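Have a look at the structure below, then the notes.
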Amino acid sequence: MSKVLLVVGHPDLSQSRANKALVDAVRELAHVTVHDLYATYPDFQIDVDAEQALLADHDVIVFQHPVFWYNTTPLFKQWQDRVFTLGWAFTMDGSASQLAGKKAVVAVTAGVPAEHYTPKARTRPPSRHCSATGTPPCGCASSTSSRWSSCTAPPSASPTKI
Ligand SMILES: Cc1cc2nc3c(=O)[nH]c(=O)nc-3n(C[C@H](O)[C@H](O)[C@H](O)COP(=O)(O)O)c2cc1C
C-alpha cells in the first residue's frame, strides 16, 4: 500500500474544526504519517534535511492547510520555501527531481462559501483591491478567527497595478 504523508499547516489544531476533523479521520491509519508543522517547528526553524528525508520516504504527499488571505499559512509557506530546493525538488538541467513519481494532493479548507471560488465570484483576492479599499479586511464585511462572513467587493474597487 502507498505510504501517505499528510503535511498539516494549521497554526493551532486544538482550535480547529475542519482541519482537525480531516486529521482525526486518518490519524490511526497505518500507512498514513501525520506531520503537524506548527507542533514540530513552533520556532519556524525547519530541519530541511529531515523534511526532505520524510518526503522521500513517502509515495503520496498531501498538503493540508486552511486558506489564509487566499494563501497558505505562514509556516506552511516557510516550509515550502525551505524544503523544495533547487537540485532536490526541481532541477534546471533536466535531471530527475527527488520527488519524481510521487503523487501530490492539495487539501485546503476555506471560510467563505464555495461559490466565492468560482470565476463569477463576488470577491477577488485581496491583492487586487486592497489599495482601493483601505486597510484589512479589504472589502470583507467582517471576519473572526472562527468564522468568516461573506465578503463583498466594493463597487469602486478596480484592479490595481503593483
Ligand atoms: C488570518 C485568517 C485569514 C483567512 N483568510 C481566508 C481567505 O482568504 N479565504 C477564505 O476562504 N477563508 C479565510 N479564512 C478562514 C479560514 O480558512 C477558515 O477559518 C479555516 O479554513 C477553517 O478551518 P479550521 O476549522 O481547521 O480552523 C481566514 C482565517 C484567518 C484566521
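Each ligand, and each atom within it, is numbered from 1 in the order the structure gives. All of these numbers come straight from a predicted model, not from anything done at the bench.
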(request) Would you check whether K20 has a nitrogen or oxygen atom less than 3.5 angstrom from a nitrogen or oxygen atom of ligand 1? (result) no
(message) Show me which atoms of ligand 1 lie under 4.0 Å from any heavy atom of P66.
(response) 17 (O), 20 (C), 21 (O)
(request) Please check if the side chain of T91 supplies one atom and the backbone of A96 the other of a donor-acceptor pair under 3.5 Å. (result) no
(message) Below a 4.0 angstrom heavy-atom separation, can you tell me which part of H10, side chain or backbone, both or neither, approaches ligand 1?
(response) side chain
(message) Please compare Y70, Y117, F68 and report which has the shortest non-hydrogen distance to atom 2 (C) of ligand 1.
(response) F68
(request) Examine distances only and state if a side-chain atom of Q64 and a backbone atom of N19 form a donor-acceptor pair shorter than 3.5 Å. (result) yes
(request) Could you check whether the rings of F76 and W79 sit parallel, tilted or perpendicular, using 30° and 60° as the cut-offs? (result) tilted
(request) Mark up the atoms of ligand 1 that fall under 4.0 Å of a heavy atom belonging to R17, in ascending order. (result) 24 (P), 25 (O), 26 (O)
(request) Please answer whether the main-chain N or O of E115 pairs with a side-chain N or O of K120 as donor and acceptor at a distance below 3.5 Å. (result) no
(request) Enumerate the residue pairs fulfilling salt bridge (charged side-chain N to carboxylate O under 4.0 Å, His left out) with a member in residues 51-62, sequence neighbours excluded, ordered by first and then second residue. (result) K3-D57
(request) Give yes if a backbone or side-chain nitrogen or oxygen of Q15 is under 3.5 Å from a nitrogen or oxygen of ligand 1, and no if not. (result) no
